[in-house]
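A short worksheet on the structure shown next.
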Amino acid sequence: MADRRVALVTGGGGGIGAAISRALAAAGAFVFVAGRDTGRLLETVVEALAEEGHAASTLELDVTDPESIARALGTTGPVDWLVNNAGIAESASIAAMIERGYGRVIQIASSAALGGYTYVSAYTASKHALLGYTRCAALELTRSGVALNVLCPHYVDSPMTDASVANIVRRTGREETDVRAFFASQNPGGILVTPEEIGAATLDLLSGDRTGVVLELIGGSARTVDEGPVLRSTPS
Ligand SMILES: NC(=O)c1ccc[n+]([C@@H]2O[C@H](COP(=O)([O-])OP(=O)(O)OC[C@H]3O[C@@H](n4cnc5c(N)ncnc54)[C@H](OP(=O)(O)O)[C@@H]3O)[C@@H](O)[C@H]2O)c1
């Protein structure tokens with residue numbers, strides 16, 4: 001990478017966020033690993049990255065709190081690559097990216113952005129909203145140098161899925177391995193998506209010039225849902 005990109009990964013200490021942070025740091029970016037518990041971020045991700053010789057820092061950030069977002073962005077300087085992994089909040093850094101004529105944003109949505117499931121109506125509504133928002137923003141920003149792309153993973157092998165498995169085991173008394181196997185069988189690929197697959201797909205889109213791409217991660221492989229429009233401006 002010619003210039004070191006500055007990346008910000010929300011929920012960077014989680015199962016997927018940590019894998020994305022590792023993928024970006026290994027590719028030479030300086031990574032702000034963001035979340036609410038900086039002690040945990042340090043222990044779980046940032047110290048390990050530093051030991052491997054990568055450049056990373058914790059960043060205290062609650063994506064539901066505008067003051068926290070402003071405070072965090074006041075300390076990072078310009079962000080080139082933004083990965084909205086923790087939730088649906090859009091940060092104000094997009095406006096700064098437009099002014100600079102370069103920016104890359106990845107939205108970690110879900111297969112729940114592409115269809116409906118039982119018992120997760122609020123989650124599904126928020127992921128549909130994130131997808132719709134991003135489709136519109138990508139169209140509006142084709143001449144700005146800012147690209148936005150969406151990843152829609154099916155069930156991922158991460159703590160979020162562990163919690164869902166534990167919940168079903170608690171309620172039904174079924175075996176943990178059976179429930180995990182059931183979740184995997186629900187994925188079109190028949191296996192759980194790995195956080196590393198998501199890290200690799202994130203880096204691929206951040207490093208390129210595609211925008212409005214919607215990628216469905218089905219477990220072991222991916223399917224392109226939207227190719228997206230052409231990004232017309234030349235990135236800096
Ligand atoms: N697991 C799946 O099967 C799956 C499938 C499709 C999509 N996804 C999506 O993938 C993303 C990451 O999920 P995951 O599986 O990696 O879950 P996870 O392991 O539970 O991690 C979630 C992360 O989000 C952070 N977070 C939660 N609320 C936050 C807030 N208000 N501000 C800042 N950070 C916050 C948490 O950090 P702190 O608590 O330390 O702040 C944690 O690091 C989510 O958007 C999820 O919807 C997951």
Side-chain angles (χ1 to χ4, degrees), residues 8-23 31-46 56 58-73 76 82-91 93 105-117 119-131 133-134 149-168 179-180 182-189 191-199 201-202 214-220 222-223 225:
L8 194 167
V9 182
T10 67
I16 296 173
I20 292 173
S21 297
R22 271 196 298 278
V31 183
F32 284 102
V33 183
R36 292 168 297 185
D37 183 346
T38 49
R40 192 166 76 90
L41 295 173
L42 195 64
E43 278 172 26
T44 55
V45 185
V46 173
T58 61
L59 182 69
E60 187 173 344
L61 173 64
D62 182 340
V63 297
T64 64
D65 177 358
E67 281 180 20
S68 166
I69 294 172
R71 217 170 25 245
L73 293 179
T76 59
L82 173 64
V83 183
N84 285 322
N85 168 68
I88 61 168
E90 287 303 322
S91 88
S93 65
V105 178
I106 302 293
Q107 315 280 33
I108 306 298
S110 167
S111 55
L114 304 172
Y117 296 92
Y119 309 122
V120 284
S121 48
Y123 181 81
T124 300
S126 77
K127 295 299 187 184
H128 272 66
L130 182 62
L131 177 60
Y133 176 99
T134 311
N149 298 297
V150 188
L151 297 183
C152 298
H154 285 254
Y155 288 117
V156 180
D157 191 0
S158 84
M160 187 178 276
T161 299
D162 295 343
S164 301
V165 169
N167 189 27
I168 291 176
V179 179
R180 284 189 83 75
F182 170 76
F183 273 92
S185 75
Q186 296 303 294
N187 282 0
I191 54 174
L192 292 177
V193 180
T194 66
E196 289 70 26
E197 280 180 80
I198 301 177
T202 298
V214 178
L215 204 60
E216 184 182 9
L217 296 155
I218 66 169
R223 188 176 76 84
V225 177

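Residue numbers run from 1 in the order of the sequence given. Order of listing sets the numbers, starting from 1, for every ligand and every atom in it. Model, not experiment: these values are computed from the prediction. The analysis underlying the following values was restricted to heavy atoms, covering all of them including side chains, and did not include hydrogens, waters or symmetry mates.
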Donor-acceptor pair, distance only, cut-off 3.5 Å: does the side chain of Glu216 make one with the backbone of Ser111? no
If the cut-off is 4.0 Å to any non-hydrogen atom of Ile108, which atoms of ligand 1 fall inside it? 9 (C), 10 (O), 11 (C), 45 (O)
Is it the side chain (CB and beyond), the backbone, both or neither of Leu61 that lies under 4.0 Å from ligand 1, heavy atoms counted? backbone
Applying a 4.0 Å heavy-atom criterion (strictly less than), which segment of Ala34 is in contact with ligand 1: side chain, backbone, both, or neither? neither
In ligand 1, which numbered atoms sit nearer than 4.0 Å to a non-hydrogen atom of Pro159? 19 (O)
If the cut-off is 4.0 Å to any non-hydrogen atom of Ser158, which atoms of ligand 1 fall inside it? 1 (N), 14 (P), 15 (O)
Please find the pair of heavy atoms, one from Arg40 and one from Gly13, that lie closest to each other, and give the distance. NH1-O, 4.0 Å
Parallel, tilted or perpendicular for Tyr155 and Phe183, by the 30°/60° rule? perpendicular
Taking only non-hydrogen atoms of Ala163, do any sit less than 4.0 angstrom from ligand 1? no
Heavy-atom proximity to atom 20 (O) of ligand 1 ranks first, among His154, Met160, Gln107, Lys127, for Met160
Between Asn84, Val83, Val150, which is the residue that forms a side chain to side chain contact (heavy atoms under 4.5 Å, CB included) with Ile108? Val83
Are Phe183 and ligand 1 in contact, using a heavy-atom cut-off of under 4.0 Å? no
Atoms of ligand 1 less than 4.0 Å from Tyr155 heavy atoms? 3 (O)
Closest approach of Ser110 to Cys152 (non-hydrogen atoms, all atoms of both residues): O-CB, 3.3 Å
What about Tyr123: any of its N or O atoms under 3.5 Å from an N or O on ligand 1? yes
Give the atom numbers and elements of ligand 1 that come within less than 4.0 Å of a heavy atom of Arg40. 37 (O), 38 (P), 39 (O), 40 (O), 42 (C), 43 (O)
Under the criterion side chain to side chain contact (heavy atoms under 4.5 Å, CB included), which of Leu59, Leu73, Leu61 is the partner of Phe32? Leu59
So, 4.0 Å and heavy atoms of Thr161: is ligand 1 close enough to count as a contact? yes
